[in-house]
Amino acid sequence: MKRYDLIVVGAGPAGMSAAIEAAKHGVHVVVFDENARPGGQLFKQIHKFFGSKEHRAKIRGFVIGQELLDEADKLGVDVRLNSTVIGLYQDKEVVVQRNGEVEHYKGDSIVVATGAAENMVTFEGWTLPGVIGAGAAQTMMNLHGVRPGERVLMLGTGNVGLVVSYQLKQAGCDVVALGDAAPRVGGYGVHAAKVARTGVPFYLGHTIKRAEGTDHVTGAVIAQLDEHFQFIPGTEKHFDVDTICVAVGLSPMSQLFKMDGCKVVDDRKKGGQVPVVDDLGQTSIPGIFAAGDVSGIEEASSAMIEGRIAGLSAASFLGYIDKPELDEGVGSNEAALDGLRQGMFAPKNRGKKIENTEEGIPVSTSLLEHGFVADDEIERFPGVTHRQGIHPVIECTQNIPCNPCQDVCPKHCIKVGDHITALPQLEPDAQCIGCGLCVASCPGQAIFLLDETDVPGYADVSLPYEFLPLPTKGQRGVALGRDGKPVCEAEVVSVKRTKAFDHTAVVTMRVPADMAMRARFFKATDDVQAPAAPAAKA
């Protein structure tokens, strides 16, 4: 039986971060993962991360994953793939199924970072081929290059449902609608807004009633729910789809802790059954630590920080670092973690109905109920301003821990301040040069550039664009509003792509001046019917 200083179960963001942090201090580490490649969810996450520089903000998930793998390799971490941990027993014995054989290992310490599994809901026809989890759809698209279907109904408007809906559209799928039994959008408003402005409708307070088809999905029916979550007769809506994507939450995969006798509790706010841990991530059994979603569902950024804390704690438990070094390392990581756990979506606010932003501004009712900020609501937010010449319009309306816009602007036009969840606003004396870095770097795609001075009677609107094929200069089409409906004709006057934009194009379209504050997405005329011209006056 081979022995290691530290055995890490799971090669996702938390597990790899724990292994790296421990290896930095000389700990002999092995990582076991059941998958064919390490990195966990990171390699499915093609979107840019929120947070600040210390959280790897505005970097795409798969890039972060590769950085972790490279760092682990340089430190000599032993990563063993296609290795399923099937048991965790007394005295820190780990049983692994690998290459058709069962192997036994001993660890002087163990970090369990097994992540979480997708939840599922049952409904008539839910076992038909074509009903899949959102994570499975993401794996098919982003790891294997396979479209899950042609026409998709998404069930769930948490961050997973919103992000995967957007990525389905990037893959060329037609997302016909998003439904959710809850009366409000559950994820970040900026994620909802970037889906809504592409024309996808939201049905809040609705859930799926049945899937149609015999040997595969051919359609879906949703219906509205009453206050007792019962279907309201006569509210059924039918969609012709070949795929039903389910994004109704995650549950921690905490089974290994139960096998070893670690204390486990049922905590709904953390997603289900989780191990009881102290501030260092240590369970009720000394030397066994938990990190990432297995100890409570959060974002990948939080999982990586928890992993680093667990890795430091394991190194301290094994005697590789002293208490002052432990305290210093844990303190800096806890500060970074605390930054991510602020704002409207902080763990302490789960289940609460937030009526106002931290600045005292009423939240957008339309955003919560329909997925987009209404035209008569947008002006109340501090990033939405009117100026002469080119200037950013920041449609960030919720307190989310994120500040890349402040860091990336070469002219320091945008201010978030020291409090990372503050709504961005424009510095009064700064002069925008129209470089587009803020537009391309915003993880929520919530920044636009407006210029109303170039051509009389018209305005140029620059927006983030991440779909293929890209529009081309001179191409005509229509501008869509925040609700995804056509508002006016538009012509593409510029398409910018640079290395600094990191695969986000900045498309500039010319629209009538009175549409500058409404036009937020470009569609080729072939894709959508242009709005009718106004009737001539008598």
**OP:** Can you tell me which residue pairs pass the side-chain hydrogen bond (donor to acceptor under 3.5 Å, both in side chains) test with a partner in residues 133-143, sequence neighbours excluded?
**Re:** Lys44-Thr139, Gln138-Gln167, Asn142-Gln167

Original post:
Distance only, no hydrogens: is a donor on one side chain within 3.5 Å (strictly under) of an acceptor on the other, for Asp180 and Thr157?
Top reply: yes

Original post:
Do the numbers put Arg520 on top of the ring of Phe448, so that NZ or CZ is under 6.0 Å from the six-membered ring centre and no more than 45° off the axis?
Top reply: yes

Original post:
Hey, does Ile400 have a side-chain heavy atom less than 4.5 Å from the side chain of Thr421?
Top reply: no

Original post:
Going by heavy atoms in the side chains, are Leu42 and Phe62 under 4.5 Å from each other?
Top reply: no

Original post:
So, are Lys411 and Glu427 salt-bridged, with charged N and O less than 4.0 Å apart?
Top reply: no

Original post:
For residues Glu299 and Ser301, is any side-chain donor paired with an opposing acceptor at under 3.5 Å?
Top reply: no

Subject >> Flag for Asp267-Gln273: side-chain donor and acceptor within less than 3.5 Å >> reply: no

**OP:** Before giving the answer on side-chain contact (heavy atoms from CB on, under 4.5 Å), spell out for Ile222 and Thr207 the whole-Å C-alpha distance, their side-chain angles and the decisive distance to 0.1 Å.
**Re:** CA-CA 5 Å; Ile222 66 171; Thr207 194; over 6 Å; no

**OP:** Starting from the C-alpha separation in whole Å, work towards a yes-or-no answer on ring pair (Phe, Tyr, Trp, His ring centres under 6.0 Å) for Tyr166 and Phe467.
**Re:** CA-CA 10 Å; Tyr166 188 79; Phe467 299 95; 5.1 Å; yes

Original post:
Are Asn403 and Ser52 close enough that a side-chain donor and a side-chain acceptor fall under 3.5 Å?
Top reply: no

**OP:** May I have the step-by-step check of side-chain contact (heavy atoms from CB on, under 4.5 Å) for Met517 and Asp375, ending in yes or no?
**Re:** CA-CA 8 Å; Met517 286 301 297; Asp375 293 339; over 6 Å; no

Original post:
Can you check whether Cys173 reaches Glu150 side chain to side chain, under 4.5 Å on heavy atoms?
Top reply: no

Subject >> Salt bridge present between Arg341 and Glu306 (N-O < 4.0 angstrom) >> reply: yes

Original post:
Can you check whether Thr365's main-chain N or O pairs, donor with acceptor, with Glu377's side chain at less than 3.5 Å?
Top reply: yes

Subject >> Sole candidate of Thr243, Ile208, Asp240 that passes side chain to side chain contact (heavy atoms under 4.5 Å, CB included) when paired with Leu153 >> reply: Ile208

Original post:
Near Lys48 NZ, under 6.0 Å, is it more than 12 heavy atoms from other residues, nucleotides or ligands?
Top reply: yes

Subject >> Salt bridge flag under 4.0 Å for residues Asp460 and Arg510 >> reply: yes

Subject >> Full working for ring pair (Phe, Tyr, Trp, His ring centres under 6.0 Å) between Phe231 and His206 >> reply: CA-CA 8 Å; Phe231 289 117; His206 288 70; 9.6 Å; no

Original post:
Where do Val363 and Gln398 land on the side-chain contact (heavy atoms from CB on, under 4.5 Å) test, with the steps shown first?
Top reply: CA-CA 7 Å; Val363 298; Gln398 293 176 325; 5.8 Å; no

Original post:
Any salt bridge between Asp502 and Arg60, counting N to O under 4.0 Å?
Top reply: yes

Subject >> Carboxylate-amine/guanidinium proximity below 4.0 Å for Lys209 and Glu236 >> reply: yes

Original post:
Taking the six-membered ring for Trp, are the ring centroids of Tyr465 and Phe522 within less than 6.0 Å of each other?
Top reply: no

Original post:
If you measure only the distance, is there a donor-acceptor pair under 3.5 Å linking the side chains of Glu379 and His386?
Top reply: yes

